[in-house]
Amino acid sequence: MSSDKKAVLHWGDGKSTEFPVLTGTIGPEVVDIRSLYGKTGMFTYDPGFMSTACATSRITYIDGDEGVLLYRGYSIEQLAQSCDFLEVCYLLLNGELPNAKQRGEFVNTVTRHTMVHDQLNRFFTGFRRDAHPMAVMVGVVGALSAFYHDSLDINNPEHRKISAFRLIAKIPTIVAMTYKYSMGQPFVYPRNDLSYSENFMRMMFAVPAEEYKMNPVLVRALDRILILHADHEQNASTSTVRQAGSSGANPFACMAAGIACLWGPAHGGANEACLNMLEEIGDASKIPEFIKQVKDKNSNVKLMGFGHRVYKNYDPRAKLMRETCHEVLNELGLHDDRLFKLAIALEKVALEDEYFVSRKLYPNVDFYSGIVQRALGIPVAMFTCIFALARTVGWIAQWAEMVGDPENKIARPRQLYAGAPRRDVVPLEKR
Ligand code: SDX
C-alpha cells in the first residue's frame, strides 16, 4: 500500500517534516502520521474523526459522493438482488462468496448454533417488561461471555471462528426473546428446518396457540433488510467494537459495546426516531411547519433518517429499502399506507429545499427502514435491535480483521488540553 508520494508539513520557524502517503485499492489516499508526535511534539486534531482513517480494511468500501457501497468489492445492489443474508455473512467473514458446498456447510453450522443456554432465559426476568429492548440486548449479549469460557482466547483463530458462528446464530434468538419477553409471551425455540430469516420471523411472531404461517415475500424482505445493514466501514458502533477489541476484550463484550453505541438516535437509533418523527408530523399538511423547525437551529429538531457523515449523495441502501417498502406494502394490501405516503412527500420536499441540497443531506438507510419493519409487524422499539442483529456480522468481521492485523495496537487517542494549568491545593479552611 505504500507509495513513493510524500506529504510535507511545514511548521514553526522554517521546520518541515515529510510523511509517507499510503495508497489503497480505491478511495482516498492516507497520510501516515504515526511518527508525527515523535518528530514534531504535536498531535493531529480531528474530533469525530472526520478526516481520520483508523485502520487498513478490506471489508467494505463506501464512495459517499457517488453513493456507492461495496461489501468485499460487490455492490450492495447486486448482493441484495442475488444473495441471501447468510451468503453475505460468509462473504464478509471470508472475503469471497461461497460455492454451493461452502454455503451448505456454513448454513448448517449457523443453524446448529441458534439455541441459547437455557439458563440465559433467566436473565430476562431481571428486566422490567417495559425495558427498552436495546437495554436488554446490551445486558444479555454481554452476559454471553459468562457462558463460553471455551472460546474467549481472541488470539486463537478457532476461538474467533466459533465465537463468530455463535454470535451470528444466537443474536436472532436473543432479539426474538427480547421481543417475546416485552410482550409477556413464551419464548419460541429456533427450528433447524427453517432458513435464517424464516426462523427469526417465527421466533418473533409464532404463538403456541396456532401454527405460524410463513409469508415468503415478508421473509425475503426481512432478509434484504439484514443484508442492507450488515456492514458499513468504520461507523460509530464498528469503531466502538474495534476500540473495545483493541484492549483484548472478548468478542461478546465487544458486541455488547457495539450494541450500546448503535442505540444512539444519531446512529442506529435513527430508524426508531424517524418513525416517531413521521407519527408526530401526522400528515403532509404539517410538513412545511416541520421543515421550518428543522431549519431553526434553536429548535434542535433534525430530519431523522436524513444526512450522513460519508454519503453526500443518496444512500444506496435507502433506495433499496424504499423498493422493499413498496413490495411489502403491496403484499399486505397497504398501498395507501399513511406513513409511507408521508415519508415519500417529506423526502420530495426536503430534496427540493436549498437547506438540505446545500448541505448534501439525503435519505439514509434509516429513513424507510422503520416503515417496512412496522409493516412486517416489528414494533418501533425493536427497530434498532433488528439493526444490531444485522450488523453483528459486520462487527465480527471488522473485529476479527483488527485482531489479525499486525499493525493492531490498543486504541488510545490523545487530546488538546484546555484545562487549568498546574496549581497547588488550597487547604479547605482557606478556600
Ligand atoms: C447511520 O456512519 C455510518 O455509516 C452510520 C450508518 C451505518 O450503517 O452504520 O450509515 C447508520 O447511523 C445512519 C445515520 C442515521 N442518523 C440519522 O438519520 C440522524 C439524523 N442525521 C444527523 O444526525 C446527521 O446527519 C448525522 C449524525 C448522520 C451525520 O452528522 P455529521 O456528519 O456530523 O454532519 P453534521 O451534523 O456536521 O451536519 C452538517 C450540517 C449541519 O448544519 P450546519 O451546522 O452546517 O448549519 O447538516 C445539518 C447539521 O445541522 N444536518 C441536519 C441533518 N443532518 C445534518 N439538519 C437537519 N436534519 C438532519 N438530519
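First listed ligand is number 1; within each ligand, the first listed atom is number 1.
Both tests pass for Arg359 against the ring of Tyr355: distance under 6.0 Å to the centre and angle within 45° of the axis.
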message: Let's go through Tyr311 and His232 carefully: what are the C-alpha distance in whole Å and the side-chain angles of both, what is the deciding distance for ring-ring contact (aromatic ring centres under 6.0 Å, His included) to 0.1 Å, and is it a yes or a no?
response: CA-CA 11 Å; Tyr311 289 121; His232 214 239; 5.3 Å; yes
task: Could you walk me through whether Lys39 and Glu18 pass the salt bridge (Lys or Arg N to Asp or Glu O under 4.0 Å) test, one step at a time?
output: CA-CA 10 Å; Lys39 287 179 178 171; Glu18 277 193 357; over 6 Å; no
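Evaluated by nearest non-hydrogen atom to atom 56 (N) of ligand 1, the leading choice among Phe306, Tyr355, Phe387, Tyr311 is Tyr355.
With a 6.0 Å radius and a threshold of 12 heavy atoms from other residues, nucleotides or ligands, Lys6 has its NZ atom above the threshold. Heavy-atom contacts from other residues, nucleotides or ligands closer than 6.0 Å to NZ of Lys341 number 12 or fewer.
Neither side chain, Gln78 nor Ser82, offers a donor N or O lying under 3.5 Å from an acceptor on the other. Between the side chains of Glu401 and Ser57, at least one donor-acceptor pair of N or O atoms lies under 3.5 Å. Side-chain polar atoms of Thr23 and Glu29 form a donor-acceptor pair below 3.5 angstrom.
Looking from atom 2 (O) of ligand 1 to the surrounding protein, the closest heavy atom is Asn235 CB, 3.4 Å. The protein non-hydrogen atom at the shortest distance from atom 58 (N) of ligand 1 is Leu303 N, 2.9 Å. Nearest non-hydrogen protein atom to atom 29 (C) of ligand 1 is Arg309 N, 3.8 Å. For atom 10 (O) of ligand 1, the closest non-hydrogen atom on the protein side is His308 NE2, 2.6 Å. The shortest contact between atom 41 (C) of ligand 1 and any protein heavy atom is with Lys297 NZ, 4.1 Å. Here the heavy atom of the protein found nearest to atom 36 (O) of ligand 1 is Lys302 NZ, 4.4 Å. Closest to atom 9 (O) of ligand 1, if we only count protein heavy atoms, is Arg391 NH1, 2.8 Å. Looking only at protein heavy atoms, the nearest one to atom 15 (C) of ligand 1 is Asp366 OD2, 3.2 Å.
In summary, of the residues considered (Leu334, Asp337, Leu218), a side chain to side chain contact (heavy atoms under 4.5 Å, CB included) with Val328 occurs for Leu218 alone.
Distance check for atom 26 (C) of ligand 1: every protein heavy atom is found at 4.0 Å or beyond. Under the 4.0 Å distance rule, the nearest protein heavy atom to atom 38 (O) of ligand 1 falls outside the cut-off. Per-atom contact check: atom 46 (O) of ligand 1 touches the protein, criterion being a heavy-atom distance below 4.0 Å. Proximity of atom 32 (O) of ligand 1 to the protein is indicated by at least one non-hydrogen atom lying closer than 4.0 angstrom. Within a 4.0 Å radius of atom 43 (P) of ligand 1, the protein has at least one heavy atom.
Ligand 1 has at least one atom lying under 4.0 Å from a heavy atom of Arg317.
Those atoms of ligand 1 with a heavy atom of Val294 less than 4.0 angstrom away are 57 (C). Ligand-side atoms of ligand 1 in range of Gly305: 17 (C), 18 (O), range being under 4.0 angstrom from any heavy atom. Residue contact check: Ala270 has heavy atoms under 4.0 Å from atoms 15 (C), 16 (N), 17 (C), 18 (O) of ligand 1.
Between His159 and Tyr148, the distance from one ring center to the other does not fall under 6.0 angstrom.
No side-chain heavy atom of Arg242 sits less than 4.5 Å from a side-chain heavy atom of Trp399.
Heavy atoms of His267 found under 4.0 angstrom from ligand 1 belong to the backbone as well as the side chain. Under 4.0 Å from ligand 1, not a single heavy atom of Met50 appears. With a 4.0 Å heavy-atom cut-off, ligand 1 is reached by no atom of Val310.
Checked against a 3.5 angstrom limit, the closest N/O atoms of Phe356 and ligand 1 fall outside it. Looking at Ala266 next to ligand 1, an N or O pair under 3.5 Å apart turns up.
Between the CG atom in Asp405 and the CE atom in Met402 there is a gap of 9.0 Å [rounded to 0.5 Å]. For the atom pair CG of Asp283 and CG of Leu342, the computed distance is 7.5 Å after rounding to the nearest 0.5 Å.
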